[in-house]
Structures are given as structure tokens and as C-alpha cells.
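Contents: one structure, followed by commentary.
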Number of protein chains: 2
Amino acid sequence: MVKRTSFEGDACPIARSLDALGDWWSLLIIREALFGRRRFGEFQSKLGMAKNILAARLRSLVDHGILATAPASDGSAYQEYVLTPKGRGTFPILVALRQWSEEFDDHPEEIATILVDREKGRPIKKLEMHAEDGRLLTPADTTLKPRPAPRRRSA
Amino acid sequence: MVKRTSFEGDACPIARSLDALGDWWSLLIIREALFGRRRFGEFQSKLGMAKNILAARLRSLVDHGILATAPASDGSAYQEYVLTPKGRGTFPILVALRQWSEEFDDHPEEIATILVDREKGRPIKKLEMHAEDGRLLTPADTTLKPRPAPRRRSA
DNA sequence: GGCATATGGTTTTATAATGCAACCACACAA
DNA sequence: TTGTGTGGTTGCATTATAAAACCATATGCC
């Protein structure tokens, strides 16, 4: 590799996101964290991954402000990894990945779980894109614009 | 590695999605494809990636049914890579990644573009989750249920 | 306290993936 | 027919990943 390319300085927000969570394990670790896992051993046993790379990923996620280490919680002197608001903010990404799989996977019968509305127990609707005024948008209804330059100092 | 772990047989739909597009480049290639790029050289120059890994990724995306090779299009005898419906279905994933970056990035001023409603030119709203009956849902309003067993043969 | 064991990692060593550069085949142009 | 652009493939060198071994500290139990 000579060094796996980093997207950190890229101007594209998608690339910037992938820089933080675009590897094989990060999003799955976050998924487990959203399920309430907090301990090193929980992640390791649920995900079945090597401990060294779990350690590396946890460090990276902490560095990116997605997880934070909490000193205790249940009495024991061990450490815990908890989601920050930034970490919890990945929820729509996971939902989008899930729905893509549900819609397009070649073997959907192998998917074990469905995401439901807790109150009614019914599957949730597909994620929708809306305009500021509420109109439902398709991809074709959108376009990219250059970001307006920030004012140098607040006037 | 001994072999990078594949999530292909995993029961979790998120893992299954990541198996197809969870590496460093695939989603960026799809992003370019959504912008209308079709040719090998276009992807290579826009993404600035090594040609051998671009070739490998394109092959993988074609194998996963995300891209398809089209024989021509503009007269020349070369090949093109076009998105399938499955490929275009990744749009919400990219939007979710973009919005996460816009909301939580440490240096949002470095983000060059904003996604706008084509008609009004105004930024689109955040992706929303809704129940079947239309109620707006937060992550806490949702839960996972085991998928109902498929009926063995249609009765 | 003292011993066993669980927890939470780090180190070692192998193999696979990545990246750069060089090379090659074919299409197309002059 | 010679040249050039497009679309790749083929070497390496380097890095990331993974499995297993190892280790330090905590905790449980007597």
C-alpha cells in the first residue's frame, strides 16, 4: 500500500465520513454500541473479531469522537466505551444500509431481523428525503451546489 | 490477515451491505457514478486512485450487481460502467453519510458542496424515519424483531 | 492474604490487500 | 505505419489484518 489513502482532507463530505467509519469493522462496532454494548469483551465476543484489531478500531473511534471511554458504570474498575452524540448520529446511516440490504439483497430470507416501530411492532417506512418546505424528493429532484463561503468574522 | 473476513453469510443486513460496499473506495465510485461518470478513465482521474485497485473494485461492484458493463454509448468501442437499480438504491446511504458529516464534522467549513432541492435551491431536510402510519420516529422509538419465518411454499 | 480465573488488552508472526510504477493490448488518428 | 490515448494487467514494496500467544491487572473465592 505504501499507506492507505486517507480522505481526511477531502472536500467531499461522503469521503470525510468514510475516513472515520469506512472500514470493515467500525460501523459494526457502532451497531453493537447502539444495542447497548459497552465493554471490550462484549464487542469481541459478539463480533467475533481479533482482539488486536478491535483495540485499534476502538482507539480510532475514540479519536474520531464517536466513542468515549467512561471510567466505570457498574462498580467494576474496568473501562467502558460509550457512544457520543456524534456516534449516536450515525443511526440514519445504519438504517440506510439496512434498508438497502432489505430491498436489494439477493437472499433476503437470510436476514434475521427487521427494524420495527416499537409502539406498533410494524416495519418502519423507507427513509425519505424532503425539501425544506416538505415536498418529497427523489434523487433526480436534488443537485449539488458549492457551499457559500463562510463570512470571515461575524459582522 | 489470513483472509479478510467476509460478512456475506451474516444474518445482519448491515453486515451484508458492508460486504458489498464497505471498503474504502466502493461508495466513492458509486458517488461518481451517480454524478454521471461511466468510463474507467473518468473514475480514475476524478478519484485519483491506482488503476489496478479501480479495476478490482469495478469488477467487485459488477459482481455484486451494483454496476453493469454497457457495450458502448457514444460511438467509441470502449466499455462503460453504469449503475443498476440496486446501485442507484444506495442514494439514501450516501445522503446519510453526507448529512452525518455536515452535522458532526469538526471542520464543516472544509466541506465544499451542499445537497439542495433542485427546484428551490435550498438545502434538503435531514432524512427522517417514519412509522407505517406516518409518525416521526426517533431511534428510541424503534426496536428489532426477528424476521417472521418464510412460508415454505406458497400455500 | 493467597490462589485461580476473568478481563482487557499488547506482541509476534503470517498472509492478504493496497498502492505505485512499469508494462501491454487494442482502438483510433495522422 | 507510426504515434497516441484508453483501458487495463503485472511486478514489487509496504501496510493492514488476523490468529494465536503472551501479559498485566482485577476480581472472585476460600
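Chain identifiers are assigned alphabetically (A, B, ...) following the order of the sequence lines, protein sequences preceding nucleic acid strands; residue numbering begins at 1 within each chain. Hydrogens, waters and symmetry mates are skipped; everything else that's a heavy atom, side chains included, is used. It should be emphasised that the depicted structure is a prediction, and the values quoted were computed from it without experimental measurement.
A heavy atom lying under 4.0 Å from DNA chain D marks the following residues of residues 40-49 of chain B, by number: B:F40, B:G41. At a non-hydrogen distance threshold of 4.0 Å, nothing from residues 12-31 of chain A comes into contact with DNA chain C. A heavy atom lying under 4.0 Å from DNA chain C marks the following residues of residues 50-58 of chain A, by number: A:K51, A:N52, A:A55.
Applying the salt bridge (charged side-chain N to carboxylate O under 4.0 Å, His left out) test to B:K86 and every residue at least two apart in sequence or in another chain returns nothing. The side-chain hydrogen bond (donor to acceptor under 3.5 Å, both in side chains) test applied to A:Q44 returns no partner, not counting sequence neighbours. Here B:R37 pairs with B:E32 under the side-chain hydrogen bond (donor to acceptor under 3.5 Å, both in side chains) rule; sequence neighbours left out. Taking A:E8 as the reference, nothing meets the side-chain hydrogen bond (donor to acceptor under 3.5 Å, both in side chains) condition, with sequence neighbours excluded.
Ion pair A:R38/A:E42 not flagged as a salt bridge, since none of the NZ, NE, NH1 or NH2 atoms sits closer than 4.0 Å to an Asp/Glu carboxylate oxygen.
For the pair B:R59 and D:dT9, the criterion of a side-chain N or O lying under 4.0 Å from OP1 or OP2 is met. Neither OP1 nor OP2 of C:dT7 sits under 4.0 Å from any side-chain N or O of A:R39. Of the side-chain N and O atoms in A:T5, one or more sit less than 4.0 angstrom from OP1 or OP2 of C:dG19.
Every stem involving DNA chain C, taken as at least 3 paired positions in a row under the Watson-Crick or G-U wobble test at 3.5 Å, is listed here: C:1-30 with D:1-30.
Residue A:V82 belongs to no hydrophobic cluster, having no ILVMFWY side-chain heavy atom closer than 4.5 Å to its own. Membership of the apolar cluster around A:V116 extends to A:I114, as traced through chained side-chain contacts below 4.5 Å between ILVMFWY residues.
Here CD1 of A:I30 is found 14.5 Å from OH of A:Y81. Values are rounded to the nearest 0.5 Å.
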Kindly list each side-chain donor-acceptor pair under 3.5 angstrom involving residues 46-71 of chain A, sequence neighbours excluded, with atom names and distances?
residue: A:R57; atom: NE; partner: A:D23; partner atom: OD1; Å: 2.7
residue: A:H64; atom: ND1; partner: A:S60; partner atom: O; Å: 3.0

Donor-acceptor pairs are to be reported for all side-chain atoms of residues 132-140 of chain B against protein atoms at under 3.5 Å, with residues two or more places apart or in another chain.
residue: B:E132; atom: OE1; partner: A:R122; partner atom: NE; Å: 2.9
residue: B:E132; atom: OE2; partner: A:R122; partner atom: NH2; Å: 3.1
residue: B:D133; atom: OD1; partner: B:R135; partner atom: N; Å: 3.1
residue: B:D133; atom: OD1; partner: B:R135; partner atom: NE; Å: 3.1
residue: B:D133; atom: OD2; partner: A:K120; partner atom: NZ; Å: 2.8
residue: B:D133; atom: OD2; partner: B:R135; partner atom: NE; Å: 3.2
residue: B:D133; atom: OD2; partner: B:R135; partner atom: NH2; Å: 3.4
residue: B:R135; atom: NH1; partner: A:E119; partner atom: OE1; Å: 3.1
residue: B:R135; atom: NH2; partner: A:D117; partner atom: OD2; Å: 2.5
residue: B:T138; atom: OG1; partner: B:A140; partner atom: N; Å: 3.3
residue: B:T138; atom: OG1; partner: B:D141; partner atom: N; Å: 3.4
residue: B:T138; atom: OG1; partner: B:D141; partner atom: OD2; Å: 3.1

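Applying the salt bridge (charged side-chain N to carboxylate O under 4.0 Å, His left out) test between B:R16 and each of A:E103, A:E109, A:E110, A:E102 identifies A:E110 as the sole match.
A straight line from CD of B:E80 to P of D:dT6 spans 14 Å, rounded to a whole angstrom.
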* Asked: Stepwise, does the side chain to side chain contact (heavy atoms under 4.5 Å, CB included) test hold for A:W25 with B:T5?
  -> CA-CA 10 Å; A:W25 291 108; B:T5 62; 3.2 Å; yes

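B:V95 and B:I111 are not part of a single hydrophobic cluster, where members link through side-chain heavy atoms under 4.5 Å apart.
Taking 3.5 Å as the limit, the base of D:dG5 and the side chain of B:Y78 contain a donor-acceptor pair of atoms between them.
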